[in-house]
Engineer: 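Before I ask anything, let me first share the structure, which is written out below as structure tokens.
Note that these values count all heavy atoms, side chains included, but never hydrogens, waters or copies made by symmetry.
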Amino acid sequence: MPLTVSQMMEAANAVVARIDTNGAKDLIGQGALLLDVRDAIELQQTGRAKGAHHIPRGMLEFRADDSLQSHDPELRKDRAIVLYCAAGSRAALAGKLLKDMGYEQVYNVGGLPDWINGGGEVT
């Protein structure tokens, strides 16, 4: 049976923990990767969280699969990953995808405004 976006979001939010900026900063301080999954144009328009790595949501599968030549070495299954996008939805879906691919420590900080409102820096 086909899924709706609402159903996909519900499934993603059920498996990807939502954390605040302070929780994200704590994880990053312990070596977690802060990952921005927005499109490049969004980064050009608004900047990105200080220290964030960028992989557009549409390329995540290809960067996360360590059996592919396109694998991004910043993505490691033994490393926590903190995701954000513009509002939190793409980050949740990206988090579920990573969980499905065997990444266990995946968190959603929400959108860039959540990061900023929580005191996170932007470059």
Side-chain angles (χ1 to χ4, degrees):
M1 174 180 281
L3 295 174
T4 65
V5 171
S6 178
Q7 291 168 320
M8 291 188 300
M9 288 302 305
E10 184 178 328
N13 287 323
V15 298
V16 180
R18 186 75 182 248
I19 61 170
D20 62 16
T21 303
N22 288 330
K25 287 179 180 180
D26 288 345
L27 287 170
I28 294 162
Q30 297 169 28
L33 175 67
L34 179 59
L35 184 59
D36 186 325
V37 295
R38 297 176 300 151
D39 292 333
I41 189 85
E42 293 173 280
L43 273 70
Q44 293 171 0
Q45 293 171 345
T46 62
R48 72 171 87 178
K50 184 176 180 182
H53 188 64
H54 176 243
I55 300 174
R57 169 65 193 93
M59 292 301 298
L60 189 57
E61 294 91 335
F62 303 99
R63 301 291 189 254
D65 186 337
D66 61 7
S67 73
L68 298 178
Q69 189 173 12
S70 59
H71 175 250
D72 187 322
E74 291 293 329
L75 296 174
R76 299 189 322 261
K77 292 183 178 157
D78 66 344
R79 184 181 194 188
I81 301 172
V82 177
L83 299 150
Y84 75 91
C85 59
S89 297
R90 284 177 288 175
L93 293 171
K96 172 130 181 2
L97 169 80
L98 290 172
K99 289 264 196 174
D100 290 346
M101 294 181 77
Y103 290 81
E104 294 181 17
Q105 300 176 73
V106 182
Y107 305 89
N108 179 2
V109 77
L112 184 61
D114 296 309
W115 173 260
I116 294 168
N117 292 336
E121 295 180 59
V122 176
T123 59

Engineer: Does the R18 side chain pair with the main chain of N13, one donor and one acceptor, at a distance under 3.5 Å?
Structural biologist: no
Engineer: A quick test of your reading: do over 12 heavy atoms of other residues, nucleotides or ligands sit less than 6.0 Å from CD of E104?
Structural biologist: no
Engineer: In sequence, state the C-alpha distance, the side-chain angles, and the governing distance for E42 and D36, and then conclude on side chain to side chain contact (heavy atoms under 4.5 Å, CB included).
Structural biologist: CA-CA 10 Å; E42 293 173 280; D36 186 325; over 6 Å; no
Engineer: What verdict does the side chain to side chain contact (heavy atoms under 4.5 Å, CB included) test give for M101 and D65, after you've listed the backbone C-alpha separation in whole Å, the side-chain angles of each residue and the deciding distance to 0.1 Å?
Structural biologist: CA-CA 8 Å; M101 294 181 77; D65 186 337; 3.8 Å; yes
Engineer: Can you name the closest pair of heavy atoms from A49 and W115 and give their distance?
Structural biologist: CB-NE1, 3.2 Å
Engineer: Determine whether L27 and Q105 satisfy the following criterion, side chain to side chain contact (heavy atoms under 4.5 Å, CB included), listing intermediate values before the conclusion.
Structural biologist: CA-CA 10 Å; L27 287 170; Q105 300 176 73; 5.8 Å; no
Engineer: Is the number of heavy atoms from other residues, nucleotides or ligands within 6.0 Å of CD (E121) greater than 12?
Structural biologist: no
Engineer: Between Y107 (side chain) and G23 (backbone), is there a donor-acceptor pair under 3.5 Å?
Structural biologist: no
Engineer: Rounded to the nearest 0.5 Å, how far apart are OG1 of T46 and CD1 of I116?
Structural biologist: 7.0 Å
Engineer: To the nearest 0.5 Å, what is the distance between NZ (K99) and NZ (K96)?
Structural biologist: 10.5 Å
Engineer: I'd like to know whether CD of E10 has more than 12 heavy-atom contacts from other residues, nucleotides or ligands below 6.0 angstrom.
Structural biologist: no
Engineer: Tell me the closest heavy-atom pair linking G120 and T21, and the distance in Å.
Structural biologist: N-CG2, 3.8 Å
Engineer: Please answer: with hydrophobic residues joined when any side-chain heavy atoms are less than 4.5 Å apart, are L98 and M8 in the same cluster?
Structural biologist: no
Engineer: Pick from V106, L75, V82: which one makes a side chain to side chain contact (heavy atoms under 4.5 Å, CB included) with L35?
Structural biologist: L75
Engineer: What are the two closest non-hydrogen atoms of V109 and A24, and how far apart are they?
Structural biologist: CG2-CB, 3.9 Å
Engineer: Taking all non-hydrogen atoms of both residues, which atom of M9 and which atom of A92 are closest, and how far apart?
Structural biologist: CE-CB, 3.9 Å
Engineer: Do V16 and I81 share a hydrophobic cluster, counting only Ile, Leu, Val, Met, Phe, Trp and Tyr and linking them when any side-chain heavy atoms are less than 4.5 Å apart?
Structural biologist: yes
Engineer: Could you tell me which non-hydrogen atom of H71 sits nearest to which non-hydrogen atom of Y103, and how far apart they are?
Structural biologist: NE2-OH, 4.2 Å
Engineer: Hey, mind stepping through R90 and L93 against side chain to side chain contact (heavy atoms under 4.5 Å, CB included) and telling me if it holds?
Structural biologist: CA-CA 5 Å; R90 284 177 288 175; L93 293 171; 5.6 Å; no
Engineer: Do V15 and I19 share a hydrophobic cluster (ILVMFWY, side-chain heavy atoms under 4.5 Å, transitive)?
Structural biologist: no
Engineer: Between D39 (side chain) and I41 (backbone), is there a donor-acceptor pair under 3.5 Å?
Structural biologist: no
Engineer: Roughly how far, to the nearest 0.5 Å, is NE2 of H54 from CZ of R38?
Structural biologist: 7.5 Å
Engineer: Got a second to check how far L68's CG is from F62's CZ, nearest 0.5 Å?
Structural biologist: 8.0 Å
Engineer: In Å, rounded to the nearest 0.5 Å, how long is the span from CG of L97 to CG of L60?
Structural biologist: 5.0 Å
Engineer: Could you check whether atom NZ of K50 has more than 12 heavy atoms from other residues, nucleotides or ligands sitting under 6.0 Å from it?
Structural biologist: no
Engineer: What is the minimum heavy-atom distance between A91 and C85, and which atoms define it?
Structural biologist: N-SG, 3.4 Å
Engineer: Following the transitive rule for hydrophobic clusters with a side-chain heavy-atom cut-off under 4.5 Å over Ile, Leu, Val, Met, Phe, Trp and Tyr, establish whether M59 and L43 coincide in one cluster.
Structural biologist: no
Engineer: Per the side chain to side chain donor-acceptor pair (under 3.5 Å) rule, which among H53, R79, R63 passes with E74?
Structural biologist: R79
Engineer: Do L33 and L112 share a hydrophobic cluster, counting only Ile, Leu, Val, Met, Phe, Trp and Tyr and linking them when any side-chain heavy atoms are less than 4.5 Å apart?
Structural biologist: no
